[in-house]
Amino acid sequence: MAKYPFTDIEKKWQARWDADRAWRVTEDPAYPKDKRAYVLDMFPYPSGAGLHAGHVENYTITDMYCRYLRMNGYNVLHPMGFDAFGLPAENYAIKTGTHPAVTTKVNVDHFREQIKSMGFLYDWDREFSTTDDEYYAWTQWIFLQLYKRGLAYESDMPINWCPSCKTGLANEEVVNGECDRCHTPVTRKRIRQWVLRITAYADRLLSDLDKVNWPEPVKAMQRNWIGRSEGAQVVFAVDGMSERLEVFTTRPDTLFGATYMVLAPEHALVSRLATPAQKAAVDQYVAAAAMKSDLERTELSKDKTGVFTGSYAVNPVNGRKIPIWISDYVLASYGTGAIMAVPAHDERDWAFAKKFGLPIVRVVAPSGADADSLRGEPVECHSEEGVAVNSGDWDGMPTAEFKKAITAWLEGKGLGKLAVNYKLRDWLFSRQRYWGEPMPLVHCERCGVVPLPESELPLRLPEVDSYEPSGTGESPLATIESWVNTTCPVCGGPARRETNTMPQWAGSCWYYLRFLDPRNKTAFAGKAAVDYWMPVDLYVGGVEHAVLHLLYARFWHKVLFDLGLVNTDEPFLRLVNQGQILGTDGQRMSKSRGNTVNPDDYVAEVGADALRVFIMFMGPIEAEKPWSTAGLTGVSRFLERCWALGDKPVTDAAPDQGLLRLCHKTVRKVSEDTGSMNYNTAISQMMVYSAELAKLDALPRELYDPLVLMLAPYAPHLAEELWEKLGHADSIVEAAWPRWDPALCEDDELTVVVQVNGKLRGDFKAGKDAGKDELERLARAVPKVAEHLAGKDVAKVIVVPGKLVNFVVKG
RNA sequence: GCCGGCAUGGUGGAAUGGCAGACACGGCAGACUCAAAAUCUGCUGUCCGCAAGGAUGUGUGGGUUCAAGUCCCACUGCCGGCACCA
């Protein structure tokens with residue numbers, strides 16, 4: 001048999017879908033709320049490398065689902081766009097002088113073409129790129145709303161700096177102390193930055209995770225990242241000075257064991273606390289710490305370092321003077337940047353105290369510990385809970401209770417209070433690069449920072465001669481005098497524009513809202529459109545965005561919700577992570593490993609339909625799947641077989657009862673499995689069914705039509721062609737999904753298996769309505785079974801109608 | 001170290017507590033063919049056996065149950081995330 005002409009068929013139907021704008025969708029009020037679906041893919045960064053296997057997997061999942069929903073009478077919004085700001089295009093510009101906008105357009109055109117070549121249907125009327133000024137005008141607008149709510153502020157805290165990308169990085173973009181993008185070790189740099197106050201939403205970002213249907217690992221990662229911990233803020237007086245030091249601790253019950261304090265080298269009071277004798281050592285340590293990269297401060301510093309400031313604090317519970325040290329094991333950016341050290345009960349403090357010979361006092365004993373073991377200096381650190389010792393009047397109190405009691409006591413004295421701390425840091429939002437949204441702010445000598453009037457948006461990126469980042473913490477925009485110099489919107493005096501740009505994440509924070517109403521000139525999206533579609537019913541993408549995009553987008557969405565601009569407090573109702581497609585070597589695909597797969601090759605070789613079905617046949621969508629083309633053969637054979645069915649005569653004859661039952665069982669299984677996105681088992685069932693139909697010389701329409709319809713989400717080009725051959729003028733996209741009759745899914749006669757002591761000994765056929773007694777009688781009559789029952793006592797008989805009979809025997 | 005996830009034939013995988021291995025790849029045998037390809041049919045977890053048949057089998061060890069891949073407890077291995085967060 002000749003291979004079916006997939007190239008011709010696929011081209012033909014893609015042209016037709018394009019011409020028909022097959023997936024254009026409107027806010028048709030005729031569809032009730034529960035018959036509307038917003039299905040979203042994580043939109044791609046249009047890289048020069050084109051679509052990769054992961055994109056194809058992602059978009060196949062949603063395309064199949066959308067086509068299935070549409071055939072089941074849903075109004076389905078399935079949009080596509082491009083997340084096109086970012087470094088690759090800019091780096092290419094630096095190398096070649098090509099404007100990033102030009103590169104972006106070429107790449108976007110290529111992506112769109114590749115997406116269409118897979119038969120994926122999107123409402124292309126809604127397409128946009130985050131780099132379109134019509135789009136980023138609204139990104140800037142949302143930024144202004146954040147600014148006006150006090151959620152954007154300037155800071156000159158030391159930040160993560162990538163010396164290779166020459167830009168600041170958000171915490172989320174630093175992986176193991178390296179730049180997530182180029183793997184250069186990150187250093188710290190103190191430059192003026194714009195920061196978004198995401199921590200103001202930490203509690204809601206955490207608690208609202210309970211409202212969404214997301215994979216548990218993603219929720220866990222977000223919870224982890226937000227890192228809520230409850231404890232106490234405690235105030236320590238400084239001996240002989242008016243300064244007070246505040247610390248955060250989750251173990252206020254160990255206060256009596258606090259034998260010294262440690263400040264981060266960046267702590268504001270360090271220079272004042274350094275005594276003349278210690279000043280040189282302290283200054284040197286602070287300078288050295290500032291030079292260290294994050295990697296050096298964490299990975300390499302198993303061995304603790306630190307310097308005594310010369311000053312002492314006073315422990316508020318016992319009035320003892322305790323030395324104040326500085327060390328880079330204390331992070332400036334968490335809590336108050338200072339800790340009380342309890343070496344007996346904290347591993348890190350223990351290591352530090354041992355190294356510098358600081359006193360160690362045990363204040364928690366394991367419950368039930370004998371007195372002898374508590375004598376003398378502890379020999380090891382004990383960080384578990386227990387009961388208080390050496391803690392004055394509180395001795396004997398269990399840890400949990402003591403925490404509450406001491407916190408209340410401190411509060412009464414004005415020396416402390418209950419406190420909650422988050423690991424989550426505010427979001428470093430400015431980049432010292434060219435290819436991003438300019439921040440719509442000016443710096444006026446008289447008025448300070450002034451937001452641009454909304455009417456002046458978009459603030460467009462100016463043309464530049466050189467895209468090269470200066471590396472000094474200024475973006476290339478700073479060199480364009482004609483752009484930078486402006487007038488203050490408030491006083492009209494001279495002012496300079498903000499030259500930082502936004503990070504790539506900005507554009508993806510709200511793109512799902514723009515798809516609702518992409519050409520709106522007066523709002524980021526009209527309220528009617530938001531109400532019609534939101535929230536997103538299904539969001540599919542890779543797990544790599546668990547704490548970046550997905551956290552940022554939730555944050556922006558909540559701000560918009562608080563402003564009354566969206567109708568829900570969470571944007572994505574249900575999230576599905578497709579499993580990574582690995583290289584044939586089981587490793588992540590990457591250019592450097594040379595194990596990447598180019599979808600175009602397979603489209604040319606076996607066709608888009610075969611590639612779609614194959615990727616979904618590899619296994620469950622969430623599972624990691626190593627790429628192996630071995631299985632492709634089976635899928636191609638299946639599609640060939642379906643194509644060959646199209647050559648058989650189709651009749652209106654009544655079908656064979658057995659086949660009719662198989663047909664209805666197949667429709668049921670494929671419907672259920674497609675609806676739940678268990679595509680692999682749906683495909684397997686269609687394989688079984690098509691193999692049966694292939695044995696017939698002529699196809700009864702009643703058996704054949706449903707197969708073609710079920711094929712439509714999976715192999716849409718082939719299904720269209722077969723549908724047309726059946727005499728239909730309308731696209732199968734609009735056709736109604738086949739129905740099944742539950743009565744026809746049941747066989748009249750079922751095979752019942754017989755076990756003796758749980759071991760399979762035979763089977764027999766019985767009518768579906770046979771009673772328990774009859775089943776037992778029939779079971780006993782099976783020769784093999786009778787043999788195993790002979791001469792033994794039957795203690796118990798379990799009969800599961802339609803399934804099995806189990807004899808429990810003795811002797 | 002902490003938090004997730006996973007573990008089934010030679011391979012990808014399937015299985016509301018009820019016949020483990022559907023479907024597919026690969027392999028073996030056969031049909032068609034001058035021959036090959038393509039296609040079709042049958043067999044294909046492992047062990048013992050000529051066979052009938054039997055035993056055994058879902059990472060390991062226990063448990064619950066008439067019955068466990070599935071539920072419970074303990075562990076091992078692999079993958080992912082976080083990691084001096086006080």
Side-chain angles (χ1 to χ4, degrees), chain A residues 1-3 175-177 215-225 227-229 231 247-251 254 258 262 264 297-299 301-302 304 327-331 333-342 345-349 351-352 383 421-425 543-544 546-547 579-580 582 586 588 614 617-620 622-638 640-641 644 669 678 680-688 691 694-695 751-763 784 795-800 802-809:
Chain A
M1 189 206 302
K3 272 193 182 297
V175 177
N176 293 327
E216 209 44 54
V218 175
K219 288 198 199 182
M221 275 189 248
Q222 290 212 353
R223 286 193 189 106
N224 217 330
W225 191 259
R228 182 180 198 276
S229 58
V247 302
F248 172 74
T249 177
T250 54
R251 292 295 299 272
T254 60
V262 189
R297 280 180 73 149
T298 56
E299 301 273 303
S301 59
K302 303 278 186 243
K304 301 251 183 300
S327 170
D328 61 10
Y329 85 88
V330 173
L331 306 176
S333 51
Y334 183 77
T336 61
I339 62 156
M340 63 177 211
V342 185
H345 305 290
D346 181 285
E347 298 281 356
R348 299 150 299 181
D349 298 342
F352 192 83
S383 55
N421 248 291
Y422 296 93
K423 254 174 69 175
L424 184 70
R425 309 295 153 82
V543 73
E544 65 273 16
V547 287
Q580 275 221 0
L582 306 171
R588 278 180 185 216
F614 170 59
F617 189 60
M618 290 198 297
E622 324 83 35
E624 263 191 2
K625 298 166 269 266
W627 182 262
S628 149
T629 51
L632 198 49
T633 318
V635 166
S636 281
R637 281 182 191 152
F638 163 58
E640 291 283 354
R641 191 160 63 213
K669 174 120 184 96
N678 292 116
N680 56 332
T681 49
I683 293 163
S684 141
Q685 184 65 35
M686 286 191 278
M687 285 174 167
V688 171
K695 292 175 184 166
T751 301
V752 177
V753 300
V754 188
Q755 297 178 336
V756 177
N757 282 344
K759 288 194 179 164
L760 185 68
R761 296 302 178 188
D763 58 42
K784 256 275 61 93
K796 199 171 175 184
V797 184
I798 285 100
V799 182
V800 183
K803 292 270 189 195
L804 97 171
V805 178
N806 187 13
F807 293 98
V808 184
V809 302

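Proteins get letters first, then strands, A, B, ... in listed order; numbering begins at 1 in each.
- Relative to the side chain of A:Thr633, the nucleotides B:C25, B:C79, B:C82 differ in distance, and B:C25 lies closest.
- Here the side chain of A:Met687 is nearest to one of B:A86, B:A24, B:G5, namely B:A24.
- With P as the reference atom, B:G13 and B:G9 are 11 Å apart, rounded to whole Å.
- B:C82 and B:A74 have their C1' atoms separated by 26 Å, given to the nearest Å.
- Under the 4.5 Å side-chain criterion, counting only non-hydrogen atoms from C-beta, A:Asp763 is not in contact with A:Val754.
- With sequence neighbours left out, the side chain to side chain contact (heavy atoms under 4.5 Å, CB included) criterion links A:Met687 to A:Phe617, A:Val635, A:Phe638, A:Arg641, A:Ile683.
- Here, B:G59 and B:A14 have their P atoms 14 Å apart, quoted to the whole Å.
- Pairing for B:C32 is absent, judged as Watson-Crick or G-U wobble with the two contacts each under 3.5 Å.
- The side chain of A:Thr249 has B:A86 as its nearest neighbour among B:C40, B:C79, B:A86.
- Between A:Phe248 and A:Tyr334, the ring-plane angle classifies as perpendicular under the 30° and 60° cut-offs.
- Distances shown here put a side-chain N or O of A:Lys759 below 4.0 Å from the OP1 or OP2 atom of B:U56.
- Look at the C1' atom in both B:G26 and B:G12: the space between them is 11 Å, to the nearest Å.
- Pairing of B:G77, defined by two Watson-Crick or G-U wobble distances under 3.5 Å, is identified with B:C6.
- The residue A:Arg228 sits apart from the nucleic acid: no heavy atom pair falls under 4.0 Å.
- The 5' end of RNA chain B is approached more closely, in terms of each residue's nearest nucleotide, by A:Ile683 than by the other of A:Met221 and A:Ile683.
- The separation of B:G17 from B:C23, taken at their P atoms, amounts to 22 Å, rounded to a whole angstrom.
- Pair check for B:A14 finds none; no Watson-Crick or G-U wobble contact set falls under 3.5 Å.
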Go through it in stages, so that I can follow the logic: the residues are A:Asn757 and A:Val808, the test is side chain to side chain contact (heavy atoms under 4.5 Å, CB included), and I'd like the CA-CA distance, side-chain angles, deciding distance and then a yes or no. CA-CA 5 Å; A:Asn757 282 344; A:Val808 184; 3.9 Å; yes
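- Here, B:C34 and B:U44 have their C1' atoms 31 Å apart, quoted to the whole Å.
- Here B:A68 sits opposite no nucleotide as a Watson-Crick or G-U wobble pair (both hydrogen-bonding atom distances under 3.5 Å).
- Pairing for B:A37 is absent, with no Watson-Crick or G-U wobble pair whose two atom distances lie under 3.5 Å.
- Counting non-hydrogen atoms under 4.0 angstrom, A:Val262 reaches nothing in the nucleic acid.
- Nucleotides B:G10 and B:U65 place their C1' atoms 35 Å apart, quoted to the nearest Å.
- When heavy atoms are screened at a 4.0 angstrom cut-off, A:Ser333 is found touching no nucleic acid atom at all.
- Looking only at side-chain heavy atoms (C-beta outward), A:Met340 and A:Thr249 come within less than 4.5 Å of each other.
- Searching all strands for a Watson-Crick or G-U wobble partner of B:A20 with both distances below 3.5 Å returns nothing.
- Checking the phosphate oxygens (OP1, OP2) of B:U39, a side-chain nitrogen or oxygen of A:Arg637 falls inside 4.0 Å.
- Remark: B:G45 base-pairs with B:U56; criterion is Watson-Crick or G-U wobble with both hydrogen-bond distances under 3.5 Å.
- Of the two residues near RNA chain B, A:Thr250 and A:Ala220, the one whose nearest nucleotide lies more 5' is A:Ala220.
- When distances are taken from the side chain of A:Lys695 to each of B:U41, B:A55, B:C79, the shortest belongs to B:U41.
- Residues A:Phe614 and A:Met618 form a side-chain contact, since some pair of their non-hydrogen atoms from C-beta on lies under 4.5 Å apart.
- Side-chain contact between A:Lys423 and A:Asn224 is present, with heavy atoms from C-beta onward closer than 4.5 Å.
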Identify each atom pair where a protein N or O and an N or O of nucleotides 14-19 of chain B are less than 3.5 Å apart, giving names and distance.
| from | atom 1 | to | atom 2 | distance (Å) |
| --- | --- | --- | --- | --- |
| B:A14 | OP1 | A:Asn680 | ND2 | 3.0 |

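- Under a 3.5 Å cut-off, the side chain of A:Asp346 and the backbone N or O of A:Asp349 do form a donor-acceptor pair.
- Nearest nucleotide to the A:Lys784 side chain, out of B:G81, B:G54, B:A24: B:G54.
- Across the C1' atoms, B:C19 and B:A35 are found 45 Å apart, a figure rounded to whole Å.
- Using a distance-only test at 3.5 Å, with no hydrogens or angles considered, a donor-acceptor pair links the side chain of A:Thr633 to the main chain of A:Ala630.
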